[in-house]
Participant: 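Quick one: this structure, given as structure tokens, is what I'll be asking you about.
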Amino acid sequence: MAAPCSWPALFLFSIVLIMLVPYQSLAQNKKNKKSLVIKVEDVKEFKKLLRTKTNLLVICVQSEKSTTKLNKLFEDVAEEMKGKATLAYINCGADKKFCKKLKVAPEDIELKHYKDGEFNKNYDRKLAFKSMVNFLLDPTGDIPWEEDPTATDVVHINSEDAFTKLLKKDKNPLLVMFYAPWCGYCKRLKPDFASAASEVKSQFTLVGIDVDKAPTMALRMQYNITGFPTLLYFEKGKVKYKYGLDNDKKSILAWLKNPSNPKEPEQEPVWADEPSDVVHLTDATFSDFVQQNPSVLVMFYAPWCGHCKKMKPDYTQAAQTLKDKQVRLSF
């Protein structure tokens, strides 16, 4: 006859059972957790989503196999964007008529974005967590420069710490473009800057930093970035020169052959010092002059304005022509 279990053995057995029960419950709960990616199976349901969801990303697939490796990614994105965006799933292989009505025919997988009930655009970013979240946070914005496939030779920096490490680590001289995503001049320069980066990557490192966001705002203050784009040249971790030529690839490559600070602009001649029949007004004289003369044409201008410079000769000539008619031209 077998000996009965001793008290210590029973205690140990109880501990094992107590430890296993919570583990099994958690695993079961995880398995039964409701998906945040909404499965859509008919047009009526889809139209309801369009009416109720203002930020909707629809995953259209040819078969369930298409997303086997991406399901966790989609669930993670849906969890992260809960309350801000909605992910939906349509199996076009199982319901071809439904997808035909939506004019969707994916060869494998296709992601379509809808904003405020209307089609916005096809998803054009990487199938990666950060890329998808950034897209859903700003679905009408431009693709981030670091995700542009033509700018892979530009080193993209997203924080002050990352830039500090780059300055210590990189042995090449650096040409850093400080920019803002909304800046039109920056957008026009980006393709040329990226192309130049590819051409000189063995000698120089070309860097792009968006300093219009919190993690890099300190760099904007540190390097006194007051306009966009601003290009600074670094050697051995220190700023050495400020780029001052045209914003195009040819000028950047030419400047890198012999970097230097931009020349001081030549002093513009003061228009008021030039002999003419134009009356030059100031804050102190403007009101009295206009009151004393019944007919006055006033040109408001800025010395740096190119259009103003082109207009000056004709304006001066008009003042001379109208002098005899007692019509005064001023600025």
Participant: Which atoms form the tightest heavy-atom contact between P181 and K187, and what is the distance?
Facilitator: O-CE, 3.0 Å
Participant: Is the centre of the F163 ring less than 6.0 Å from the centre of the F234 ring?
Facilitator: yes
Participant: Quick check against the 3.5 Å criterion: does N91 have a side-chain atom that pairs as donor or acceptor with the backbone of A94?
Facilitator: yes
Participant: So how far is it from Y123 OH to K121 NZ, rounded to the nearest 0.5 Å?
Facilitator: 10.0 Å
Participant: So for atom NZ, which belongs to K213, do other residues, nucleotides or ligands contribute more than 12 heavy atoms lying within a distance under 6.0 Å?
Facilitator: yes
Participant: How far apart are the closest heavy atoms of P106 and Q62, and which atoms are they?
Facilitator: O-OE1, 3.1 Å
Participant: Give a yes or no on whether the backbone of D108 and the side-chain of S66 come within a donor-acceptor separation of less than 3.5 Å.
Facilitator: yes
Participant: Does the side chain of V37 come within less than 4.5 Å of V77's, by heavy atoms?
Facilitator: no
Participant: Looking at L281, is its backbone amide N or carbonyl O close enough to the side chain of T285 to form a donor-acceptor pair, meaning the two atoms are under 3.5 Å apart?
Facilitator: no
Participant: Could you tell me whether the side chains of S35 and E75 share a donor-acceptor contact shorter than 3.5 Å?
Facilitator: yes
Participant: Is there a donor in the side chain of K112 and an acceptor in the side chain of N122, or the other way round, less than 3.5 Å apart?
Facilitator: yes
Participant: Identify whether the distance between the nearest side-chain nitrogen and carboxylate oxygen of D212 and R220 falls below 4.0 Å.
Facilitator: yes
Participant: Quick one: side chain to side chain donor-acceptor pair (under 3.5 Å) partners of K240, sequence neighbours excluded?
Facilitator: E235
Participant: Centre-to-centre under 6.0 Å for F135 and H113, is that the case here?
Facilitator: yes
Participant: P215 and N158: which non-hydrogen atoms are nearest, and at how many Å?
Facilitator: CB-O, 3.4 Å
Participant: Find the distance between SG (C308) and CH2 (W271) and round it off to the nearest 0.5 Å.
Facilitator: 8.5 Å
Participant: Kindly compute the distance separating CZ (R125) from NZ (K130), expressed to the nearest 0.5 Å.
Facilitator: 12.0 Å
Participant: Answer yes or no: is there a side-chain heavy-atom contact under 4.5 Å between L57 and M132?
Facilitator: yes
Participant: Drop me the distance from K48's NZ to I38's CD1, to the nearest 0.5 angstrom.
Facilitator: 9.5 Å
Participant: Would you say S195's side chain and P191's backbone share a donor-acceptor pair under 3.5 angstrom?
Facilitator: no
Participant: Looking at every heavy atom in both Y179 and G208, which two are closest together, and how far apart are they?
Facilitator: CE2-C, 3.9 Å
Participant: Going by disulfide (SG to SG under 2.5 Å), name the residues that satisfy it together with C60, two or more places apart in sequence or in a different chain.
Facilitator: none
Participant: Looking at D248 and Y243, what are the two nearest heavy atoms and their distance?
Facilitator: O-OH, 4.4 Å
Participant: Which pair of heavy atoms, one from A151 and one from W145, lies closest together, and at what distance?
Facilitator: CB-NE1, 3.4 Å
Participant: Run the salt-bridge test on K165 and D161 with the 4.0 Å N-O cut-off and return the result as yes or no.
Facilitator: no
Participant: Is a donor from one side chain sitting under 3.5 angstrom from an acceptor on the other, for S131 and E147?
Facilitator: yes
Participant: What do you reckon, is CD of E274 surrounded by more than 12 foreign heavy atoms closer than 6.0 Å?
Facilitator: yes
Participant: Verify, without hydrogens or angle tests, whether T67 (side chain) and L70 (backbone) share a donor-acceptor contact under 3.5 angstrom.
Facilitator: no
Participant: Nearest 0.5 Å, what's the CD-CD1 distance between E199 and I252?
Facilitator: 11.0 Å
Participant: About how many Å separate NE2 of H156 and CD1 of I209, when rounded to the nearest 0.5 Å?
Facilitator: 11.0 Å
Participant: Can you establish whether the number of heavy atoms outside F129 located under 6.0 Å from its atom CZ is more than 12?
Facilitator: yes
Participant: Using the side-chain contact (heavy atoms from CB on, under 4.5 Å) criterion, which residues pair with L50? Sequence neighbours excluded.
Facilitator: F46, L56, Y114
